Participant: 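Got a structure for you, written out below as structure tokens; questions coming shortly.
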Amino acid sequence: MGDDAFLIARNPEEDSKLPFLLRLPIGGGLVLKARDTWPRASRIYCHPFDEGWPAHAEILEETRVSSIRRRGPVIDLVLDRVRLARSQFVFTEVIRPTCHFLADPEGCPGRQPRREDPPGPRAPRRSQGPRRQP
């Protein structure tokens, strides 16, 4: 696939708490260390990998990129696959430059939609009974 693919590999730093490397094909190749390979239910913490892509990386996944676009502190990524195809990388600065790997902007697949209260007046819930005084 080459330089236009999204790559996931094992982090060569064995003592790291971020066991995966992610390579985004943008700006010559952005390499990040990450806690997981893809957001399934929540955000994933990422951190820049200063050493660049390792020459002999153990590649776990290579996926063609349909679209990648930078909008200020956000990178929108769309992969050429059916499931888990969309994600956003949001860059923040706290003490050092960091980024958060966010879930699918349209919601996480497999997550139950949020239940809303039915319209109309609320019925009181079951009473706990009178409170006892000490």
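Computed over heavy atoms, backbone and side chain alike; hydrogens, waters and symmetry mates excluded. None of these values were measured; they are calculated from a predicted model. Numbering of residues begins at 1 and proceeds along the displayed sequence.
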Participant: Can you tell me how far the CZ atom of Arg10 sits from the OG1 atom of Thr37, to the nearest 0.5 Å?
Facilitator: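 Answer for the CZ-OG1 pair, Arg10 versus Thr37, is 10.0 Å.
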Participant: Should the pair Arg23-Glu62 be classified as a salt bridge under the 4.0 Å nitrogen-to-oxygen rule?
Facilitator: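 Result for this pair is no, no salt bridge flagged.
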Participant: Table please: side-chain donor-acceptor pairs of residues 13-21 below 3.5 Å, with sequence neighbours left out.
Facilitator:
residue	atom	partner	partner atom	Å
Ser16	OG	Asn11	ND2	3.4
Ser16	OG	Leu18	N	3.0
Ser16	OG	Leu18	O	3.3

Participant: What distance do Lys33 atom NZ and Phe49 atom CZ have between them, rounded to the nearest 0.5 Å?
Facilitator: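 Between atom NZ of Lys33 and atom CZ of Phe49 there are 7.0 Å.
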Participant: How many angstroms lie between CG in Leu77 and CD in Gln88, if you round to the nearest 0.5 Å?
Facilitator: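 Answer for the CG-CD pair, Leu77 versus Gln88, is 10.0 Å.
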Participant: Less than 6.0 angstrom from the centroid, inside 45 degrees of the normal: does Arg81 satisfy that with respect to the ring of Phe6?
Facilitator: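 No, Arg81 and Phe6 do not form such a contact.
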Participant: Does the pair Arg64 and Leu79 meet the rule for a side chain to side chain contact (heavy atoms under 4.5 Å, CB included), with working shown?
Facilitator: CA-CA 6 Å; Arg64 183 172 298 138; Leu79 300 179; over 6 Å; no
Participant: Are Ile26 and Ile75 side-chain neighbours, meaning at least one heavy-atom pair lies under 4.5 Å?
Facilitator: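 Yes, at least one pair of side-chain atoms sits under 4.5 Å.
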Participant: As a quick check of understanding, evaluate side chain to side chain contact (heavy atoms under 4.5 Å, CB included) for Arg70 and Phe91, giving each step before the final call.
Facilitator: CA-CA 11 Å; Arg70 183 171 221 134; Phe91 292 82; 3.9 Å; yes
Participant: Only one of Leu22, Ile68, Val74 clears side-chain contact (heavy atoms from CB on, under 4.5 Å) with Phe89; which?
Facilitator: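 It is Leu22, the one option of Leu22, Ile68, Val74 that forms the side-chain contact (heavy atoms from CB on, under 4.5 Å) with Phe89.
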Participant: Would you mind reporting whether Leu24 and Leu32 have side-chain heavy atoms less than 4.5 Å apart?
Facilitator: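 Of all side-chain heavy-atom pairs linking Leu24 with Leu32, at least one is under 4.5 Å.
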Participant: Could you check whether any side-chain heavy atom of Leu7 comes within less than 4.5 Å of a side-chain heavy atom of Glu61, counting everything from C-beta outward?
Facilitator: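 When only atoms from C-beta onward are counted, Glu61 and Leu7 do not touch, as no gap falls below 4.5 Å.
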Participant: Between Arg71 and Asp76, is the closest basic N to carboxylate O distance under 4.0 Å?
Facilitator: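 Salt bridge present between Asp76 and Arg71.
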